[in-house]
Amino acid sequence: MYQTRLVCDACNGIMVTLDDLASAVYDLTSLTPQFGWKSEQPGTRACPVCRTTMTACRLIVEIDGAHEHPKPLLDRCTSHGLWFDHEELAMVLEKVATKGFGGAIGRTSKPREGAPIEQDRWGATFNRSGGWGGFH
């Protein structure tokens, strides 16, 4: 468990509620997203919270009237959120990161020398002088 999120040490997957995902998108864009689903089909993975078989689907993220269609096929529990396999959450956040007012445009991938490194609540590394790193 990472904070209140369920994570799997073996596969680096994470269960994220829709509220948490909306907060992450808002943190990146300063815009409130709406979520939709496409290509829904019966899945095989059980929800780590309630053990109900989840639905496999593609996520649609609507931000400020534009629709983004991140590539990963995700597992969705209607009660508890989305399961992201290794790097799938990063793929979704990268797809929306350049939208809105808080987008990641112009941020450097390496911290400036001497800048203190911190980690935000999503596991992204950053430093106080504006440089961003990857998700861990």
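Treat the numbers as computed from the prediction; the structure is a model and nothing was measured. Side chains included, hydrogens not; waters and symmetry mates left out as well; all remaining heavy atoms used.
Hydrophobic clustering of Ile, Leu, Val, Met, Phe, Trp and Tyr side chains at less than 4.5 Å, counting indirect connections, keeps Met15 apart from Met91. At a threshold of 4.5 Å between side-chain heavy atoms, the hydrophobic network of Ile, Leu, Val, Met, Phe, Trp and Tyr places Val16 and Ile60 in two separate groups. Linking Ile, Leu, Val, Met, Phe, Trp and Tyr whenever their side-chain heavy atoms come within less than 4.5 Å puts Ile63 and Val92 in one cluster. Both Phe35 and Leu74 are members of a single hydrophobic cluster when ILVMFWY side chains are connected at heavy-atom separations under 4.5 Å. By the criterion of side-chain heavy atoms lying less than 4.5 angstrom apart, applied directly or through intervening Ile, Leu, Val, Met, Phe, Trp or Tyr residues, Tyr26 is not grouped with Val96; the two fall into different hydrophobic clusters.
A distance of 5.0 Å separates SG in Cys11 from CH2 in Trp83, rounded to the nearest 0.5 Å. The CG atom of Leu93 lies 12.0 Å from the CD atom of Glu88; values are rounded to the nearest 0.5 Å. Atom NZ of Lys99 is separated from atom OG of Ser30 by 14.5 Å, given to the nearest 0.5 angstrom. To the nearest 0.5 Å, atoms OG1 (Thr29) and CG (Asp64) are separated by 9.0 Å. The distance from the NE2 atom of His80 to the CG atom of Leu6 is 9.5 Å, given to the nearest 0.5 Å.
With Leu82 as the fixed residue, the side-chain contact (heavy atoms from CB on, under 4.5 Å) test singles out one of Ile14, Thr17, Leu18, Leu89: Leu18.
Smallest separation of non-hydrogen atoms from Asn12 and Asp9: OD1-O, 4.0 Å.
Side-chain atoms of Glu62 and Glu68, non-hydrogen and from C-beta on, never get closer than 4.5 Å to each other.
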- Test side-chain contact (heavy atoms from CB on, under 4.5 Å) applied to Leu21 and Leu59, step by step: CA-CA 11 Å; Leu21 184 58; Leu59 176 66; 4.1 Å; yes
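Remark: Glu87 pairs with no residue by the side-chain hydrogen bond (donor to acceptor under 3.5 Å, both in side chains) rule, at least two apart or across chains. The side-chain hydrogen bond (donor to acceptor under 3.5 Å, both in side chains) check on Gln34 picks up nothing, with sequence neighbours excluded.
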Report all side-chain donor-acceptor pairs from residues 42-58 shorter than 3.5 Å, counting only partners two or more places apart or in another chain.
unit_1, atom_1, unit_2, atom_2, d
Arg45, NH1, Asp75, OD2, 2.8
Arg45, NH1, Asp85, OD1, 2.8
Arg45, NH2, Asp85, OD1, 3.2
Arg58, NH1, Lys71, O, 2.4

